[in-house]
2 protein chains.
Amino acid sequence: MTLSSSSRSEPSIRVAVSTVIVALRRHPDTGAPALWMPLVRRVAEPFEGLWALPGGWVQPDEGLEASAAARLRETTNVQPRYLEQLYAFGDVDRSPNRVVSIVYWALVHQDEASSVPEDWNVRWFLADEHPPLAFDHDRIVEYALWRLRNKMSYSRIAQAFLGDRFTLAELRGVYEAVLGRALDPANFRRQVEKTDAILPTDETTSGDRHRPARLYRSNPDLAYADNGPLQQGKKPKNR
Amino acid sequence: MTLSSSSRSEPSIRVAVSTVIVALRRHPDTGAPALWMPLVRRVAEPFEGLWALPGGWVQPDEGLEASAAARLRETTNVQPRYLEQLYAFGDVDRSPNRVVSIVYWALVHQDEASSVPEDWNVRWFLADEHPPLAFDHDRIVEYALWRLRNKMSYSRIAQAFLGDRFTLAELRGVYEAVLGRALDPANFRRQVEKTDAILPTDETTSGDRHRPARLYRSNPDLAYADNGPLQQGKKPKNR
DNA sequence: ACAAAAGTGTTCAAGTTACACCCATGC
DNA sequence: GCATGGGTGTAACTTGAACACTTTTGT
């Protein structure tokens with residue numbers, strides 16, 4: 001079988017999946033929400049001992065996205081709220097032996113983030129302060145963060161960081177953490193309220209020493225974002 | 001070598017590249033610029049006789065983008081002005097035998113388009129009126145066109161359709177063909193002129209029976225668009 | 001002179017930003 | 001009461017769409 005009139009041979013190549021996992025947790029110094037990602041330590045050559053993105057090999061009976069989700073569960077025990085293909089890397093010299101890597105990026109919320117078993121092999125790092133990584137993973141992480149920050153402004157993915165119920169201040173905190181700047185609470189409120197991205201509940205917060213805030217939930221009829229050519233069901237919408 | 005702590009085996013998979021090639025040519029009925037794409041006829045099972053995207057197998061010593069460019073030259077004899085990775089498709093059931101396809105999309109300009117040898121195996125089709133394609137290529141084409149239309153509004157890729165020198169009316173024609181609606185000439189002029197995306201030359205058109213138009217050229221310091229995590233040299237800019 | 005496309009000027013509506021101000025709660 | 005964040009109102013500014021108008025060529 002050929003895909004075209006090309007007369008070349010049909011060589012096989014090892015195909016891997018890796019995932020840039022991002023979650024929101026408090027910054028150790030400031031206490032404000034910040035981006036974190038779990039990395040795994042390499043236990044074999046090449047780059048033995050260095051930190052790298054979690055991943056593994058694509059099995060013959062697995063689709064790419066299913067494979068990414070499976071390797072993710074096996075290595076870091078998270079089930080992502082949002083999963084999107086980032087890019088396929090396949091330069092000949094990116095590894096000593098030729099590998100094609102299909103890289104995904106995933107968002108998980110805070111509860112999920114704590115299910116990652118922190119041990120010698122897996123550890124969470126501040127996204128902006130991670131150690132030098134194996135292979136070309138530094139560049140991959142940089143690209144994933146660029147895509148995340150970009151997609152924040154025209155999608156609802158911020159909600160994938162949060163739990164079932166959240167206040168507008170919490171949602172705003174996500175935007176501020178990812179975009180790296182403060183947003184006007186008044187204008188932010190109006191912008192998200194005029195869309196149907198989130199729905200108000202009749203619940204409010206309490207216990208803080210100020211006025212209670214209304215709790216909202218994600219509109220279940222809308223996808224967090226357009227995550228590729230598949231999944232034609234839900235249509236994305238701004239914030 | 002493993003990319004993670006996964007203990008699975010390291011199976012190999014056949015990896016293909018395909019490319020959605022798009023060029024601008026006159027519509028046979030209206031005469032206005034329209035989107036065309038070359039397709040190749042399959043000469044073997046499966047889907048023998050159906051039209052499909054040009055492509056071929058990734059060789060062990062080829063990077064992915066290099067492979068796409070090479071298969072493109074071999075099958076359709078075009079050298080693209082713009083080449084960007086679209087998506088990696090790898091569902092188990094998208095072909096009778098398991099294949100991972102790295103799909104690219106390319107823009108070529110009109111002169112280049114005419115270098116494609118039109119014969120029984122290769123033919124140009126209007127992008128919106130192509131015949132049913134082999135494999136999942138219908139969906140891939142649809143996604144590529146969506147990405148093209150989307151990227152028109154925040155990048156300069158329209159210029160990749162044009163030659164060395166062009167008028168603002170020609171550039172506007174590209175936008176109108178891709179977006180499918182007329183644009184105000186006055187507002188269009190101001191929007192592109194306030195960026196440094198194009199540079200005026202001191203040449204003008206002549207011979208038409210109306211006022212001559214200034215000729216412009218692409219700013220060579222700017223990339224047409226951000227085409228992925230690689231190529232960090234040129235920075236993209238609006239229009 | 002006339003037609004047609006190039007190119008300029010102006011107005012109006014919509015959206016964004018900045019910021020003043022009131023509200024509801026815990027202490 | 002007072003501090004604090006929740007929530008509302010509004011004026012200034014920016015952006016973009018719509019469209020009237022002038023300019024320059026070929027016939």
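Residue numbers begin at 1 in each chain, while the letters A, B, ... track the order of the sequences.
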Separation of dG15(C) P from Tyr154(A) OH (nearest whole Å): 22 Å
Integer-rounded Å distance: dC19(C) P and Asn187(A) CG: 11 Å
Pair Glu84(A)-Tyr224(A), side-chain donor/acceptor within less than 3.5 Å: no
Residue-phosphate contact under 4.0 Å: Gln191(B) side-chain N/O, dT15(D) OP1/OP2: no
Protein-nucleotide distance (Arg189(B), atom CZ; dG16(D), atom P), rounded to Å: 18 Å
Spacing of Phe188(B) atom CZ relative to dA18(D) atom P, expressed in whole Å: 16 Å
Phe188(B) ring center within less than 6.0 Å of Tyr175(B) ring center: yes
Sidechain N-carboxylate O distance under 4.0 Å for Asp164(B), Arg81(B): no
salt_bridge(Glu74(A), Arg71(A)) N-O dist < 4.0 Å: yes
d(CG, Leu183(B); C1', dA17(D)) in whole Å: 11 Å
No-H, no-angle donor-acceptor pair, Arg190(A) side chain to dG15(C) base, under 3.5 Å: no
Leu215(A) CG - dG7(D) C1' separation (whole Å): 15 Å
Short N-O contact, Asp128(B) and Arg149(B), less than 4.0 angstrom: yes
Length of the CZ-P vector between Phe166(B) and dA5(C), whole Å: 20 Å
Residue mapping more 5' on DNA chain C - nearest nucleotide basis, Glu193(B) or Arg181(A): Glu193(B)
Donor-acceptor pair between Tyr143(B) and Arg147(B) side chains, under 3.5 angstrom: yes
Sugar-phosphate, base or nothing in reach of Ala186(B), heavy atoms under 4.0 Å: base
Proximity to the side chain of Lys194(B) - top-ranked nucleotide from dA6(C), dG16(D), dA17(D): dG16(D)
Nucleic acid contacts of residues 202-212 of chain B, taken as heavy-atom distances under 4.0 Å to DNA chain D: Asp208(B), Arg209(B), His210(B), Arg211(B), Pro212(B)
Salt-bridge criterion met for Glu203(A) and Arg165(A) (N-O under 4.0 Å): yes
Interatomic distance where CG belongs to Asp184(A) and C1' belongs to dG5(D) [whole Å]: 14 Å
